[in-house]
Amino acid sequence: MLLKRLAAFAVALILVVQLTACRPNTSVDDTSRIDTSSLAVGTNDTLSSDISEDNPKEDIISDSYSSSLVGGITDNGSEEIPIVDITSSETQDTDVPQQDNNNETNNGNSVTGCTHGDEDPYLDVSKSEFYADYKAACCNTDASYRSKHGFLSGSLEVPGQYATETENRPMLNGKFVRNTAAVYLDNGNTYMVMDADGREVMRIHKAGGYITLEEVAAYMYAFGGSGKIPANYISKKKGRPNSSIWGEYLRVNHSYFIGDTDKYPYEPELPNISGCGGDLRYYEMDIGTTGTSTPGYPPQAYIQGNSIERGAARIVYARDDLNGNGVYENNEVYVFYTHNHYNDFREYLNYYGGWGEMFGNVTGGGEYSSKYNANPTPYVPTAYADFTK
């Protein structure tokens, strides 16, 4: 009898252990980073181009949600968006497919906490209510619903005139490094922005509206091909904020950037630009700032009641699949920022606070926007490294 009782107790104990076992942890490890010991920070040291792989990134759980259509932007993953890790050495471009780790469509996600169904959560929400307790969009479906009503998906802070770079910009062989890793989630509709250590800082959603320099630069780097622009931008040089659902967050001017240095000798020549016989067509778009010190552009806000004072700040970018292979090599994607109306430029290096060396006319000692006393310094090339490795 005693043996039977001991056997029954052992079976019960085994069942309890099985029922209380912990589930696997699938959350994003935000402490994972690259080993930057082989990269210089703000120095001109010559270093090895190999980055340590001792601490590989943890798998990122991708977000997938139900499809929607907002303002002509199809959010169903049907567009052929290259989900790639753009990697190369300084002399050779190599492209490796970037995997989406979880593409199942669902109405919730353990990483973002999003729980979106088929109903618009902002249908009866006023702008004052929406912005009173504001948070950035958690996923592309959330961004889609917001854009239907003219609600932003990113930061509300209007940027200043100058790009703000992080203190620890990596350098390699005397050059600032452009991050070649391109991590897309949610069937290519969400882009993960990293810091200089390869850790996630924020996410940019294809259907969203954005106003900050960092967010718009990241958006154009990730989605800028085929005329894609943030939802709050229009392809015109003039706009009326009061008659737009975006109001004070309306932004204008998505047009072809000529880049003709014969006609505008104070402009530096951008890489492979079509205006100087190259293959890349560059485009420009406004960045609304809190003011400017550029000659001819008084220090005033971008939105002036029902009119727009465009200022001198622009993003100039190219993103073109020149060889038609379905991916964007490093020499096919460039994003630049000019704070002083095309006189000087800095390259966006595909990470938060990642801005390259200033080059251009004023940098070279030339007279601002002068056709007769111009001295633009040339584009400063970057090195390349995958920040996720």
Side-chain angles (χ1 to χ4, degrees), residues 42 44 90-91 159-165 169 171-178 213-214 216-217 220-221 224 237 253-289 291-299 310-320 322 329-350 353-384:
N44 291 323
E90 291 186 61
T91 58
Q161 177 182 3
Y162 299 100
T164 302
E165 72 271 7
R169 289 177 295 165
M171 298 191 77
L172 191 63
N173 299 326
K175 300 175 182 179
F176 285 113
V177 177
R178 192 213 288 190
L213 174 59
E214 289 285 343
V216 177
M220 301 318 295
Y221 189 95
K237 293 185 177 182
N253 191 46
H254 174 256
S255 59
Y256 176 50
F257 178 71
I258 298 173
D260 186 343
T261 57
D262 289 331
K263 187 176 181 180
Y264 304 104
Y266 56 86
E267 295 180 0
E269 183 176 332
L270 300 183
N272 198 23
I273 189 169
S274 59
C276 296
D279 298 320
L280 285 173
R281 287 177 64 90
Y282 281 77
Y283 295 85
E284 62 172 292
M285 57 201 306
D286 287 6
I287 291 294
T289 65
T292 176
S293 60
T294 303
Y297 294 89
R310 296 182 54 204
R314 306 279 190 274
I315 279 182
V316 178
Y317 76 96
R319 191 173 189 269
D320 192 2
L322 295 175
E329 285 84 11
N330 295 314
N331 62 356
E332 296 174 330
V333 181
Y334 293 96
V335 176
F336 293 99
Y337 175 60
T338 172
H339 71 279
N340 59 1
H341 209 253
Y342 321 118
N343 278 260
D344 296 284
F345 290 79
R346 300 184 72 176
E347 184 175 3
Y348 174 65
L349 303 179
N350 189 31
W355 296 95
E357 186 176 340
M358 186 90 72
F359 65 96
N361 182 40
V362 178
T363 299
E367 182 181 341
Y368 174 78
S369 294
S370 173
K371 294 186 178 181
Y372 309 102
N373 188 26
N375 187 41
T377 57
Y379 163 66
V380 182
T382 62
Y384 298 110

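Contact between Tyr256 and Ser274 at its shortest, heavy atoms only, is OH-OG, 2.9 Å. Across every non-hydrogen atom of Leu280 and Pro271, the tightest pair is CD1-O, 3.9 Å. When all heavy atoms of Thr382 and Tyr384 are compared, the closest pair comes out as OG1-CE2, 4.0 Å. In terms of heavy atoms, Ile287 sits closest to Pro159 at CG2-CG, 3.9 Å.
By the side chain to side chain donor-acceptor pair (under 3.5 Å) test, Glu214 is found to be paired with Trp355, residues two or more places apart in sequence or in another chain being considered. Qualifying side chain to side chain donor-acceptor pair (under 3.5 Å) partners for Ser293, counting only residues two or more places apart in sequence or in other chains: Gln161, Tyr162.
Separation of atoms NZ (Lys237) and CZ (Arg310) is listed at 6.0 Å; rounding is to 0.5 Å. Atoms CG and OH, from Leu213 and Tyr348 in turn, are 9.0 Å apart once rounded to the nearest 0.5 Å.
The closest donor-acceptor contact from the side chain of Glu284 to the backbone of Ile315 lies at 3.5 Å or more, if one exists at all. At least one donor-acceptor pair under 3.5 Å links the side chain of Asp260 to the backbone N or O of Asp262. Within the 3.5 Å criterion, the main-chain N or O of Glu329 finds a donor-acceptor partner in the side chain of Glu332.
Side-chain contact between His339 and Arg314 is absent, with no heavy atoms from C-beta onward closer than 4.5 Å. Residues Val333 and Tyr221 are in side-chain contact: their nearest non-hydrogen atoms beyond the backbone lie under 4.5 Å apart. Annotation: side chain of Val316 is not in contact with side chain of Tyr283 (no heavy-atom distance under 4.5 Å).
The pair Arg178-Glu347 meets the salt-bridge criterion, since a charged nitrogen lies less than 4.0 angstrom from a carboxylate oxygen. Remark: Arg281 does not engage Asp320 in a salt bridge, criterion side-chain N to carboxylate O under 4.0 Å.
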(request) Decide ring-ring contact (aromatic ring centres under 6.0 Å, His included) for Tyr342 and Phe257; before the verdict, give the C-alpha distance in whole Å, the side-chain angles of both, and the deciding distance to 0.1 Å. (result) CA-CA 10 Å; Tyr342 321 118; Phe257 178 71; 5.3 Å; yes
Run the side-chain donor-acceptor check on residues 357-376: report pairs under 3.5 Å with partners two or more places apart or on a different chain.
from   : atom 1 : to     : atom 2 : distance (Å)
Asn361 : OD1    : Asn375 : N      : 2.8
Asn361 : ND2    : Asn343 : OD1    : 3.0
Asn361 : ND2    : Glu367 : O      : 2.8
Thr363 : OG1    : Asp344 : OD1    : 2.7
Ser369 : OG     : Asn343 : ND2    : 3.0
Ser370 : OG     : Tyr372 : N      : 3.1
Ser370 : OG     : Asn373 : N      : 2.8
Asn375 : ND2    : Gly364 : O      : 2.7

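Checking His341 against Tyr297 by side-chain atom types alone, a donor-acceptor pair falls below 3.5 Å.
Under the 6.0 Å cut-off for aromatic ring centres, Phe336 and Tyr379 qualify, their centroids lying closer than that.
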